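Just so you know, these numbers come straight off a predicted model, no measurement behind them.
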Amino acid sequence: MPNYRAWFQCINEACARTFALDDLVYECPSCGSLLDVRHDLEALRARPAAEWIKLFDDRYLRTSWPYGSGVWGKKEWVCPTVADENIVSLYEGGTNLFWAERLGRIVGVPDLWVKQCGNSHTGSFKDLGMTVLVSMVRQIMRGPRGRRLLGVACASTGDTSASLAAYCAAAGIPAIVFLPRGKVSAAQLAQPLANGALTLALDADFDGCMRVVQEITESGEIYLANSKNSLRIEGQKTIAVEMVQQFDWQVPDWVIVPGGNLGNVSAIARGFEMLRDLGLASRSPRLACAQAANADPLYRSFQTGFREFTPQTARRTLASAIQIGNPVSVQKAIQALTAHGGVVEEATEEELAEAAALADRTGLFCCPHTGVALAVFFKMVERKQIAPTDRVIIISTAHGLKFTEFKRGYHAGALEGVTPRRRNEPVELPADVGLVRDAIRRRAEG
Ligand SMILES: *Cc1c(COP(=O)(O)O)cnc(C)c1O
Ligand SMILES: [Zn+2]
């Protein structure tokens, strides 16, 4: 394998300071900007596009460890500097690209697809980035500098902590997770507890947890696992590469992704850029970032043409994983959306819940964040921003089973601010064949 290189680089072009990927650095110490992972594109370009395609297709979902992983099958593009023996992989990626045929026909856009990123080890796309980050932590701990770390920490709206806890447990590394108390689902709380993470439930919202974890990780004894750490973005960008691969290296017209801290929309844009830079695609899709109306700082900034950005205190939303008012990756997201003809749209509680319920009726089982993306999709179709012939991919970010309170609440009519139009409650009956027959007939007659 040729000697591919990658490094951290300050995103402020006027500064552009660089650091090694095993440095404990999360923002530029000179100017305070975020860091990006940059790759030696010249070296990568030396391999023709057709050969990258063959390499990626040969590895895809095969058993040759770790290259059967959707992330590590693209290792040269993701994190070439981590040694194979340090990789902590739970076989992430390779998720179904679901043809939402019935839903697409209902809406009048039959070429509709849902990328099921939640069909993953811990049930969310966070696994794609976490495998890269925890692998690098293992390399740092085992490396020649032999750094001793007390553990790896993150603030989380639920899914990041579940993922960090699982990957750390698999590697035998201590995990410390900060959750906003009472604001994550029961499943999301159970996950880090089961994996043995020190689970700190703070009387704060996500943004408050984020402030604490940033301070805790400053001294260098504890490694920061939030998506501010751009190693995660490198893993997540394989979503874009994998979707194009699943379409036999064809690029879709639109990709719609729910956004909270705004790392994922930046990552997906980066994946499409890399496909273009290395000649595997001749164009990029347009991106739409979908926000909950109760946590919509990027949507509001978009209304000003991204000239202004004002952090907000996010209000409570069913889409709890994107209840973020001060997104860490906002500058990257604005850059990414500007470069990709991007738009930002929002969905109310009612809209996200109905969108998820409608999609569920066509065979999906959507988490509320996927509901936000679907509701935004419906709006864009209605206003003809998306054409009936467009190929559209909705990024489903988590598994619906992590959000059973949301599902049960909807069908029980118990969600605040939502009057459900597609309720389906259990019919409780004595064990009597006649009564059962009546119930079946009533349903058949609508
Ligand atoms: C983390 C997460 C998001 C938001 O991703 P960002 O990178 O923070 O914008 C959306 N949906 C789910 C289910 C998540 O876990
Ligand atoms: Zn800088």
Side-chain angles (χ1 to χ4, degrees), residues 1-2 4-7 9 11 36-61 67-80 92-97 111 113-117 125 128-129 131-132 230-257 259 262-289 329 332-333 335-343 390-395:
M1 194 183 282
Y4 298 115
R5 289 183 319 117
W7 58 91
Q9 185 166 321
I11 65 168
D36 253 348
V37 173
R38 295 285 169 91
H39 291 263
D40 180 354
L41 289 177
E42 283 314 307
L44 292 168
R45 269 193 210 107
R47 187 195 286 258
E51 283 181 32
W52 282 121
I53 287 176
K54 180 167 185 340
L55 181 70
F56 293 165
D57 283 346
D58 284 350
R59 289 172 174 170
Y60 191 59
L61 303 184
Y67 299 99
S69 147
V71 171
W72 297 107
K74 281 104 185 156
K75 182 183 176 190
E76 295 84 351
W77 290 25
V78 170
C79 192
E92 46 292 311
T95 54
N96 183 23
L97 187 55
D111 206 355
W113 302 76
V114 179
K115 178 62 171 165
Q116 296 275 50
C117 297
F125 76 86
L128 300 168
T131 182
V132 180
S230 51
L231 287 170
R232 285 192 32 213
I233 305 294
E234 292 309 288
Q236 290 169 209
K237 88 186 173 195
T238 61
I239 294 173
V241 182
E242 187 170 285
M243 293 189 305
V244 172
Q245 181 174 23
Q246 286 172 307
F247 279 128
D248 262 335
W249 306 96
Q250 305 274 314
V251 176
D253 297 303
W254 280 97
V255 173
I256 305 178
V257 54
L262 305 177
N264 207 27
V265 66
S266 314
I268 290 170
R270 182 53 52 88
F272 284 115
E273 279 160 24
M274 213 152 170
L275 283 162
R276 222 172 36 181
D277 284 347
L278 297 176
L280 282 74
S282 54
R283 63 182 185 92
S284 287
R286 293 189 67 187
L287 294 181
C289 182
S329 295
K332 284 186 185 176
Q335 271 183 17
L337 289 166
T338 306
H340 289 265
V343 299
D390 280 346
R391 172 170 283 178
V392 180
I393 305 180
I394 307 292
I395 306 294

Are Glu273 and Arg270 ion-paired here, with the side-chain N under 4.0 Å from a carboxylate O? yes
Asp111: which residues meet the salt bridge (Lys or Arg N to Asp or Glu O under 4.0 Å) condition with it, sequence neighbours left out? Arg391
Answer whether the closest heavy-atom distance between the side chains of [X] and [Y] falls below 4.5 Å.
{"X": "Ser69", "Y": "Thr131", "result": "no"}
{"X": "Gln246", "Y": "Thr95", "result": "no"}
{"X": "Trp52", "Y": "Glu76", "result": "yes"}
{"X": "Gln245", "Y": "Asp57", "result": "yes"}
{"X": "Leu97", "Y": "Glu242", "result": "no"}
{"X": "Lys74", "Y": "Met274", "result": "no"}
{"X": "Arg47", "Y": "Leu55", "result": "yes"}
{"X": "Leu287", "Y": "Val257", "result": "no"}

Taking atom [atom1] of [X] and atom [atom2] of [Y], what is their separation to the nearest 0.5 Å?
{"X": "Ile395", "Y": "Met243", "atom1": "CD1", "atom2": "CE", "answer": "4.0 Å"}
{"X": "Leu128", "Y": "Cys117", "atom1": "CG", "atom2": "SG", "answer": "6.0 Å"}
{"X": "Arg286", "Y": "Phe272", "atom1": "CZ", "atom2": "CZ", "answer": "14.0 Å"}
{"X": "Ile233", "Y": "Ile268", "atom1": "CD1", "atom2": "CD1", "answer": "10.0 Å"}

Give every donor-acceptor pair under 3.5 Å between a side-chain atom in residues 37-46 and any protein atom, sequence neighbours left out.
{"residue": "His39", "atom": "NE2", "partner": "Trp77", "partner atom": "O", "Å": "3.0"}
{"residue": "His39", "atom": "NE2", "partner": "Glu234", "partner atom": "OE1", "Å": "2.8"}
{"residue": "His39", "atom": "NE2", "partner": "Lys237", "partner atom": "NZ", "Å": "3.3"}
{"residue": "Asp40", "atom": "OD1", "partner": "Glu42", "partner atom": "N", "Å": "3.3"}
{"residue": "Asp40", "atom": "OD1", "partner": "Ala43", "partner atom": "N", "Å": "3.2"}
{"residue": "Glu42", "atom": "OE2", "partner": "Arg45", "partner atom": "NH1", "Å": "2.8"}
{"residue": "Arg45", "atom": "NE", "partner": "Asp277", "partner atom": "O", "Å": "3.2"}

Establish, yes or no, whether the cationic atom of Lys75 lies under 6.0 Å from the six-membered ring centre of Tyr67 and within 45° of the ring axis. no
[X] versus [Y], closest heavy-atom pair with distance:
{"X": "Ala49", "Y": "Gly279", "answer": "CB-O, 3.3 Å"}
{"X": "Gly263", "Y": "Gln236", "answer": "C-NE2, 4.1 Å"}
{"X": "Ser230", "Y": "Lys332", "answer": "CB-NZ, 3.4 Å"}
{"X": "Ala240", "Y": "Leu275", "answer": "O-CD1, 4.0 Å"}

Where the side chain of Arg59 meets the backbone of Gly73, is there a donor-acceptor pair that is under 3.5 Å apart? yes
